[in-house]
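Structure first, commentary second.
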Amino acid sequence: MHLLAAQPGGFVEEEGIIDLNQDPAKVVILAAADTSLAMLATAAEQLGDQLPSIRLANWSNLLKPAAFDLYEHKVLEQAQLVMVSLLGGAGYWDYGFSRLQAWQKAKPNRTLILVPGDDSPDPQLTLASSCQPDCCHLVWQYLRQGGVSNGINLLRYLRHQLEQATHTDATPASTPGWQQPAQLPQALIYQPGIAQASLTDWQKSTLANGLKDAPVVALLFYRSHLQSGNTRMFDGLMASLVEQGMNPIALAVTSLKDAQALALVNHTLKQSNTKLVLSSLGFASNKVDAPSLSSAPTHFKLPIEGDIPVLQLVLSSTTSQAWREHKQGLRSRDIAMQVVLPEMDGHVLTRAISFKSMGYYSKLCQIELVGYELEPERAQFVARLAKGYCSLGHKANGDKRIALILANYPTKDGRIGNGVGLDTPQSAINVLQAMKDAGYAIDTVPPNGNALIETLLESVTNNPNTLHHLPCWQSLDSKVYLEHFAKLPKACQDAVWQRWGSPEKDPKYRQGRIMLAGMRLGETFVGIQPARGYNLDLTANYHDPDLVPPHSYLAFYFWLRHVYQVDAVIHLGKHGNLEWLPGKGVALSGQCWPEVALG
């Protein structure tokens with residue numbers, strides 16, 4: 001046997017025992033839920049020297065008898081009150097359960113409080129406690145209701161119990177100073193510094209911060225984060241939204257499947273005139289049965305009422321380092337819960353904005369806590385994206401610039417806009433006509449799909465045999481291109497230079513400019529997606545996951561974003577090649593090539 005350092009978040013099964021390296025204290029609280037430990041640590045730090053010495057620990061680190069014996073010797077022997085939130089009941093931790101009872105009986109003034117770690121009462125734990133049943137019930141309710149305010153009152157209550165057990169006539173116990181557990185509603189407005197904020201509180205904050213005319217963005221997160229005091233990542237995201245000129249309103253909810261919570265959410269969205277929703281909720285509210293199993297037509301209603309886009313945030317269950325090193329981006333559990341299922345509710349995936357952190361250490365409680373830490377750069381990306389959505393919703397259709405991009409694989413003129421089972425060119429015509437009817441700035445819509453393709457073929461395409469003599473209707477100055485290129489991550493710049501050389505070597509370089517394939521119909525651009533490479537097997541490079549794009553590829557998207565300044569891009573037809581660029585499958589980073597190109 002040898003000693004191991006504690007692993008944040010629980011016990012890691014290895015040969016040896018864990019030493020939590022804690023000093024003795026009067027009060028010791030053991031729990032298995034990281035959220036509860038984080039909440040209690042926050043509460044303890046707010047109370048500070050109002051408390052007796054206190055230690056928090058995850059009892060899953062003490063499952064091995066030798067580990068518990070070491071902890072009992074180093075910490076519990078001098079403790080006067082021990083409280084345990086025991087998930088799974090006494091049978092899950094036989095050794096600890098019996099040893100804790102023996103610890104209490106060894107000295108009559110010791111207090112042992114055992115409560116369930118879930119919502120089900122456990123009479124066995126109550127009987128094994130040294131306090132009265134109403135004491136166990138009260139402690140249990142503080143933990144079940146959660147929240148830092150309840151945590152503060154729990155610690156005050158435990159302090160009172162400690163004083164009651166140890167006071168003498170010469171040292172009478174102090175006034176209680178604690179309040180009953182406060183029940184949190186199924187959904188509530190969250191504002192830092194206010195226990196249960198109201199819509200009026202949010203409106204006052206809006207005026208105080210000069211955000212009266214800013215578009216309102218609602219942020220949805222699970223109430224359990226609020227109960228555990230795990231809100232710093234949401235505070236940081238809201239700050240990023242404010243920096244981008246938006247007015248956030250945060251709502252903590254149990255679930256959108258809860259009718260009461262959903263009703264409050266929709267009422268708040270309507271009262272606050274919300275323009276966009278950012279949701280960090282997992283799963284889905286879709287309760288519709290599979291159409292193939294239904295005897296009648298199915299009708300699905302989105303949980304969020306009104307014409308409000310919902311963007312999906314990802315709170316990764318892994319660390320930032322694991323995300324950076326993982327090519328897929330997310331583990332299967334996160335993909336299922338935070339990508340696939342939310343899409344069933346019509347949510348649009350954005351980025352992973354936070355990751356589990358193992359670096360927060362509470363000196364007061366002598367515990368390293370697991371919590372979510374904001375990834376500031378990813379949060380800023382989401383804030384910019386939210387701003388773009390709000391701007392798109394605010395603009396009149398006639399003022400919007402839209403790009404319609406047609407895939408071109410293989411890169412032959414006869415395969416522009418091809419798609420199995422889909423007439424992509426005619427679909428583009430239908431889209432353009434619908435946009436024109438809706439007031440978008442489109443001069444003339446070609447009469448049919450063939451006419452659209454024939455017009456596109458009058459200018460340069462991806463065909464290397466015609467690049468030298470066909471006209472070009474839009475291009476990007478190579479100096480301007482290099483200015484934008486210089487803003488890319490250095491690793492990305494180096495990869496392009498090493499693979500493709502200078503822009504002058506690109507086949508689409510002509511007279512100091514990089515040619516772009518496409519045409520403008522008023523303010524709407526119809527373009528041909530550029531090839532991923534040249535001077536190699538074009539069929540093979542289309543799906544090559546390691547091939548970085550050439551200068552002409554980046555110039556195409558740089559022109560759309562920075563020069564023509566489109567408000568939205570539509571990739572129409574079968575899949576294009578953007579998603580095949582090197583990078584993660586989901587939860588992209590700033591160095592993933594689809595984001596480098598498209599933003």
Side-chain angles (χ1 to χ4, degrees), residues 401-419 423-433 435-436 440-481 484 503-535 538 542 549-566 568-574 576-578 597-598:
R401 281 186 168 178
I402 308 297
L404 204 65
I405 309 302
L406 305 179
N408 185 200
Y409 165 71
T411 51
K412 299 178 181 178
D413 288 345
R415 302 301 294 272
I416 296 175
N418 70 308
D423 187 343
T424 305
Q426 186 57 46
S427 297
I429 296 299
N430 296 343
V431 170
L432 290 168
Q433 188 59 56
M435 290 173 59
K436 184 176 183 180
Y440 285 83
I442 299 176
D443 291 342
T444 303
V445 177
N448 52 54
N450 286 339
L452 174 67
I453 298 300
E454 289 170 359
T455 304
L456 287 170
L457 292 176
E458 293 176 5
S459 178
V460 294
T461 62
N462 290 320
N463 186 349
N465 299 322
T466 59
L467 287 174
H468 63 285
H469 67 268
L470 284 179
C472 177
W473 293 333
Q474 53 278 312
S475 61
L476 180 63
D477 188 304
S478 60
K479 294 181 181 178
V480 174
Y481 164 76
H484 294 297
E504 290 81 4
K505 296 180 179 179
D506 195 293
K508 288 187 177 179
Y509 179 89
R510 180 194 292 178
Q511 297 178 354
R513 303 185 71 85
I514 301 175
M515 298 182 288
L516 314 172
M519 64 181 183
R520 305 181 206 187
L521 301 174
E523 295 299 309
T524 299
F525 176 74
V526 180
I528 303 171
Q529 191 172 51
R532 283 192 58 191
Y534 52 87
N535 295 334
L538 297 181
Y542 193 84
H551 294 287
S552 55
Y553 193 101
L554 297 175
F556 181 86
Y557 284 99
F558 286 178
W559 179 82
L560 288 177
R561 291 164 53 195
H562 304 300
V563 179
Y564 202 54
Q565 297 183 347
V566 295
V569 177
I570 302 171
H571 288 92
L572 186 65
K574 77 169 187 179
N577 55 32
L578 186 74
L598 188 58

Discussion item. With a 3.5 Å distance limit and no angle check, can you tell me whether T461 reaches the backbone of D413 through a side-chain donor-acceptor pair?
Written reply: no
Fill in: Rounded distance [0.5 Å steps], NZ in K436 versus OG1 in T524
10.5 Å
Item to complete: Determine the minimum heavy-atom distance between L456 and G518, stating which atoms define it.
Response: CD2-CA, 4.0 Å
Item to complete: Might you work through the side-chain contact (heavy atoms from CB on, under 4.5 Å) test for R415 and Y409, ending with a clear yes or no?
Response: CA-CA 6 Å; R415 302 301 294 272; Y409 165 71; 5.9 Å; no
Going by atom type alone, with no hydrogens or angles, which donor-acceptor pairs under 3.5 Å involve a side-chain atom of residues 555-562 and a protein atom two or more places apart or on another chain?
| residue | atom | partner | partner atom | Å |
| --- | --- | --- | --- | --- |
| Y557 | OH | Q529 | NE2 | 2.9 |
| Y557 | OH | H571 | NE2 | 2.9 |
| R561 | NH1 | V596 | O | 3.1 |
| R561 | NH1 | A597 | O | 2.8 |

Worksheet item: How about Q511: does its CD atom have over 12 heavy atoms from other parts shown lying under 6.0 Å from it?
Response: no
Discussion item. Could you go through Y534 and N462, starting from their C-alpha distance and side-chain angles, then the distance that decides it, and tell me whether this counts as side-chain hydrogen bond (donor to acceptor under 3.5 Å, both in side chains)?
Written reply: CA-CA 10 Å; Y534 52 87; N462 290 320; over 6 Å; no
Worksheet entry | Nearest atoms (heavy-atom pairs only) where A428 meets L572 | CA-CD2, 3.4 Å
Fill in: Which atom of V460 lies closest to which atom of L516, heavy atoms considered
CG2-O, 3.9 Å
Worksheet item: Hey, does the side chain of N577 reach the backbone of P530 with a donor-acceptor pair shorter than 3.5 angstrom?
Response: yes
Worksheet, complete the sentence: Residue pairs meeting side-chain hydrogen bond (donor to acceptor under 3.5 Å, both in side chains), one or both in residues 470-480, sequence neighbours left out, come to S475-R513
Worksheet item: How long is the span from the CD atom in E523 to the CD1 atom in I402, to the nearest 0.5 Å?
Response: 10.5 Å
Worksheet, complete the sentence: All heavy atoms of L554 vs all of P549, minimum pair found to be CD2-CG, 3.9 Å
Worksheet item: For the atom pair CE (M435) and CG (L521), what is the distance rounded to the nearest 0.5 Å?
Response: 9.5 Å
Fill in: Main-chain N/O of T411 paired to N408 side chain as donor or acceptor, under 3.5 Å
no
Worksheet item: Would a distance-only check, ignoring hydrogens and angles, find a side-chain to backbone donor-acceptor pair under 3.5 Å from T424 to G573?
Response: no
Worksheet item: Rounded to the nearest 0.5 Å, what separation is found between the CD1 atom of I453 and the CD1 atom of I528?
Response: 7.0 Å
Fill in: Stacked cation flag R401 on Y564, 6.0 angstrom / 45 deg
yes
Practice prompt. Drop me the distance from N430's CG to L432's CG, to the nearest 0.5 angstrom.
Written response: 9.0 Å
Item to complete: Using only heavy-atom distances, determine whether the side chains of E454 and N450 contain a donor-acceptor pair under 3.5 Å.
Response: no
Worksheet item: Is a side-chain donor or acceptor of T455 paired with a backbone partner of A451 at a separation under 3.5 angstrom?
Response: yes
Discussion item. Check whether N448 reaches the backbone of L452 with its side chain - one donor and one acceptor, N or O, closer than 3.5 Å.
Written reply: no
Worksheet item: What closest approach, in Å, do S552 and I514 show between heavy atoms, and which atom pair accounts for it?
Response: CA-CG2, 3.8 Å
Worksheet item: Which value, rounded to the nearest 0.5 Å, describes the distance between L578 atom CG and Y553 atom OH?
Response: 4.5 Å
Worksheet entry | L470 to R510 - nearest heavy-atom pair and separation | O-NH2, 3.1 Å
